Amino acid sequence: PLAGPNTVDGIIDYFGHSDDVSTYYAQANCVVLPSYYREGVPRTLLEAASMGLPVITTNTAGCRDAVEDGVTGLLVRPRDVDDLVSKMREMVHMTDDSRQRMGSQGRSRMCRDFSEKLVIQRYVGAVTRLGVISNATSNHTILETRCFRRPVGPNRTSPHNAARGQRKAPLLPFPLH
């Protein structure tokens with residue numbers, strides 16, 4: 001990665017690796033992640049949407065799960081550079097109000113569908129259905145997990161990573177309650 005920003009035509013800034021991306025998100029109008037391989041739901045897209053930014057990403061498993069095409073962002077065909085360029089141009093030519101509305105709808109969706117509490121409840125429910133834990137321990141597990149994973153702030157050591165001697169950020173900036 002580059003040590004500092006690399007600006008292309010005054011439009012695209014590449015900053016390389018960062019442990020605190022929230023400052024970059026706060027300055028952005030949009031986040032683009034043209035991934036073409038199967039992955040889980042990318043944290044990058046969750047973070048961007050939770051910060052109220054519209055996103056452009058690939059119509060592939062995982063990526064498309066974080067975006068409602070035309071509502072919270074734009075989806076592009078995998079490995080299709082022309083489609084990616086077209087969607088980036090579409091985003092650049094949108095009015096500020098349109099981009100802000102798209103970002104606001106993305107943030108609402110993150111709070112509604114991807115909150116920490118909901119994700120943990122779904123996970124514990126699936127594990128309970130598999131018989132790995134009992135219903136009696138489900139509620140206790142949710143409380144323990146929420147306390148253990150609760151972030152202590154950007155660029156600070158979380159309890160999760162402190163045990164491994166790591167300093168890792170960013171943590172999702174949307175509400176955790």
Side-chain angles (χ1 to χ4, degrees), residues 1-2 5-9 11-96 98-127 129-130 145 149 151 154 160-161 168-176:
L2 301 175
N6 182 20
T7 302
V8 179
D9 295 332
I11 296 173
I12 299 172
D13 294 323
Y14 178 75
F15 293 93
H17 175 79
S18 174
D19 284 338
D20 181 13
V21 295
S22 63
T23 56
Y24 298 113
Y25 286 141
Q27 298 173 41
N29 293 312
C30 172
V31 169
V32 180
L33 181 68
S35 178
Y36 60 84
Y37 58 92
R38 294 181 60 87
E39 56 183 280
V41 179
R43 187 179 186 115
T44 301
L45 299 179
L46 298 177
E47 289 172 337
S50 72
M51 294 281 297
L53 293 171
V55 299
I56 299 173
T57 193
T58 316
N59 190 2
T60 57
C63 292
R64 72 173 153 247
D65 298 323
V67 178
E68 291 179 62
D69 193 25
V71 178
T72 65
L74 302 173
L75 293 175
V76 300
R77 291 183 298 272
R79 299 178 187 251
D80 188 333
V81 174
D82 293 333
D83 193 33
L84 176 61
V85 169
S86 172
K87 297 296 169 67
M88 290 175 76
R89 283 188 175 136
E90 183 179 338
M91 186 67 69
V92 166
H93 290 104
M94 279 183 188
T95 65
D96 287 339
S98 295
R99 274 192 305 274
Q100 288 174 359
R101 186 173 33 261
M102 198 175 260
S104 177
Q105 290 172 337
R107 173 157 173 79
S108 294
R109 183 164 185 255
M110 290 302 107
C111 293
R112 181 184 69 238
D113 298 340
F114 290 91
S115 71
E116 180 185 42
K117 182 178 180 180
L118 180 63
V119 170
I120 290 170
Q121 284 175 338
R122 287 179 181 166
Y123 178 80
V124 170
V127 172
R129 283 190 302 279
L130 291 171
T145 305
R149 291 291 297 155
H160 176 70
N161 292 322
K168 192 70 173 169
L171 297 164
L172 293 178
F174 51 80
L176 300 176

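Computed from a prediction, not measured in an experiment: that's the story for all the values here. Residue indices begin at 1 and follow the sequence shown.
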Between S22 and D20, is any side-chain donor less than 3.5 angstrom from a side-chain acceptor?
yes
From [atom1] ([X]) to [atom2] ([Y]), nearest 0.5 Å:
{"X": "E90", "Y": "D83", "atom1": "CD", "atom2": "CG", "value": "9.5 Å"}
{"X": "E116", "Y": "L118", "atom1": "CD", "atom2": "CG", "value": "11.0 Å"}
{"X": "R79", "Y": "Y37", "atom1": "CZ", "atom2": "OH", "value": "11.5 Å"}
{"X": "L33", "Y": "L45", "atom1": "CG", "atom2": "CG", "value": "5.0 Å"}
{"X": "K87", "Y": "D80", "atom1": "NZ", "atom2": "CG", "value": "9.0 Å"}

R112 atom CZ: more than 12 heavy-atom contacts under 6.0 Å:
yes
Using modelled atom types and a 3.5 Å cut-off, is there a donor and acceptor pairing between side-chain atoms of [X] and backbone atoms of [Y]?
{"X": "T58", "Y": "S35", "answer": "yes"}
{"X": "R129", "Y": "V124", "answer": "no"}
{"X": "S50", "Y": "E47", "answer": "yes"}

To check you understand the geometry: which heavy-atom pair defines the closest contact between M110 and A49, and what is its length?
CG-CB, 3.5 Å
Locate the shortest heavy-atom distance separating F114 from L46; write the atom from each residue and the value.
CD2-CD2, 3.7 Å
Side-chain heavy atoms of [X] within contact of [Y], under 4.5 Å:
{"X": "C30", "Y": "L53", "value": "no"}
{"X": "E68", "Y": "Q105", "value": "no"}
{"X": "V71", "Y": "M102", "value": "no"}
{"X": "V55", "Y": "T72", "value": "no"}
{"X": "V32", "Y": "L84", "value": "yes"}

side-chain hydrogen bond (donor to acceptor under 3.5 Å, both in side chains) assessment of R64 paired with N59
CA-CA 5 Å; R64 72 173 153 247; N59 190 2; 3.2 Å; yes
